[in-house]
Amino acid sequence: MSLPFGTDLASNGGTIALGAVFLAQREDDAVFEATLDSIPDAPAAAGIAAYGDENHYFSLLVSTLADGSHQARFTRTLDDLTSEAVIDLGAASGSVLFRIEATAAAYAFSIRLGDAAAPGALTEVGRGTARLLSAETAETFVGVRFALVAINGTATGIEPARFSGVTATSYSFTSFADVGAPTGSTRGR
């Protein structure tokens, strides 16, 4: 899936161009994964997000800095409050596997660099409390959506962000099917 960096949202060349694809989170316990084929050139960034609305979201983006090094930036945005955690990725190359592990309590954001298809440990970059992306904090809350995100900055001529292996998995079906089943029953399996 190619995700273009979008169009200038203000039509004046002065704002950030953004492209996004959304997938509704259907269950509390879920995993959303996507592989970015390569880290985009500066000043662009690409990654994933758990999105409540434009003022309530958590995101994990990778980007290339002016000196050619790479970074991962986890951001929590809640109304007018923003916090960020940044990790240096050095001269990393190849694909990037992104993962959001969602529970009723939190969203955990992780990455794996290099050959994203190869087995290996994920590095957790940040987490956010699920309550912060709920009807308690967002006035017009209609649910959280997982998102692929590509941000262009003000640059032109940058290649689209290319994502592959986009999956969303829910883990609650087995426990739901077993509710009320007699002990030792295999009903619903």
Side-chain angles (χ1 to χ4, degrees), residues 1-6 18-40 44-54 56-64 70-77 85 87 89 92-134 138 141-152 158-179 188-189:
M1 168 185 302
S2 273
L3 184 61
F5 287 106
L18 170 72
V21 174
F22 295 102
L23 175 67
Q25 178 186 354
R26 299 286 182 209
E27 303 287 339
D28 286 340
D29 295 333
V31 172
F32 177 71
E33 287 186 343
T35 299
L36 179 64
D37 291 350
S38 63
I39 298 173
I48 58 175
Y51 183 87
D53 65 26
E54 67 276 4
H56 300 88
Y57 62 88
F58 307 138
S59 65
L60 174 58
L61 304 174
V62 294
S63 61
T64 302
H70 301 99
Q71 69 177 12
R73 179 178 304 270
F74 174 72
T75 304
R76 282 183 294 268
T77 299
I87 61 170
L89 303 177
S93 62
S95 60
V96 180
L97 173 70
F98 292 95
R99 176 183 285 173
I100 301 173
E101 292 183 52
T103 66
Y107 292 90
F109 287 73
S110 304
I111 60 171
R112 182 172 58 229
L113 301 171
D115 182 1
L122 289 155
T123 301
E124 185 173 305
V125 179
R127 65 178 39 238
T129 303
R131 181 182 58 77
L132 299 175
L133 298 183
S134 71
F141 182 76
V142 293
V144 172
R145 284 141 343 255
F146 296 125
L148 301 176
V149 179
I151 301 171
N152 175 326
I158 294 178
E159 290 293 315
R162 299 193 193 289
F163 289 92
S164 59
V166 178
T167 61
T169 308
S170 172
Y171 291 108
S172 63
F173 181 76
T174 301
S175 60
F176 174 75
D178 289 340
V179 171
R189 291 191 183 140

Where [X] and [Y] come nearest, the two heavy atoms and their spacing:
{"X": "Leu60", "Y": "Ser110", "value": "CD2-O, 3.8 Å"}
{"X": "Phe74", "Y": "Gly126", "value": "CD2-CA, 3.6 Å"}
{"X": "Leu148", "Y": "Ala34", "value": "CD2-CB, 3.5 Å"}
{"X": "Ala150", "Y": "Ala161", "value": "CB-CB, 4.0 Å"}

Just verifying a value: how many Å separate [X] [atom1] and [Y] [atom2], rounded to the nearest 0.5 Å?
{"X": "Arg76", "Y": "Phe109", "atom1": "CZ", "atom2": "CZ", "result": "10.0 Å"}
{"X": "Tyr57", "Y": "Thr77", "atom1": "OH", "atom2": "OG1", "result": "3.5 Å"}
{"X": "Ser95", "Y": "Phe163", "atom1": "OG", "atom2": "CZ", "result": "12.0 Å"}
{"X": "Arg73", "Y": "Ser63", "atom1": "CZ", "atom2": "OG", "result": "6.5 Å"}
{"X": "Thr35", "Y": "Phe98", "atom1": "OG1", "atom2": "CZ", "result": "9.0 Å"}

Decide yes or no for [X] and [Y]: does some side-chain heavy atom of the first lie under 4.5 Å from some side-chain heavy atom of the second?
{"X": "Ile100", "Y": "Val31", "result": "no"}
{"X": "Val125", "Y": "Ile111", "result": "yes"}
{"X": "Leu133", "Y": "Tyr107", "result": "yes"}
{"X": "Val144", "Y": "Tyr51", "result": "no"}
{"X": "Leu113", "Y": "Leu89", "result": "yes"}
{"X": "Phe58", "Y": "Thr75", "result": "no"}
{"X": "Ile48", "Y": "Val149", "result": "no"}
{"X": "Leu97", "Y": "Glu33", "result": "yes"}

Next on the checklist: My understanding is that only residues two or more places apart in sequence, or in another chain, count here; which of them pass side-chain contact (heavy atoms from CB on, under 4.5 Å) with Ala106?
Outcome noted: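 side-chain contact (heavy atoms from CB on, under 4.5 Å) check on Ala106 returns Thr103, Arg127.
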
Next on the checklist: Determine whether a donor-acceptor pair (N or O, by modelled atom type, separation under 3.5 Å) exists between the side chain of Arg99 and the backbone of Phe32.
Outcome noted: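 Absent.
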
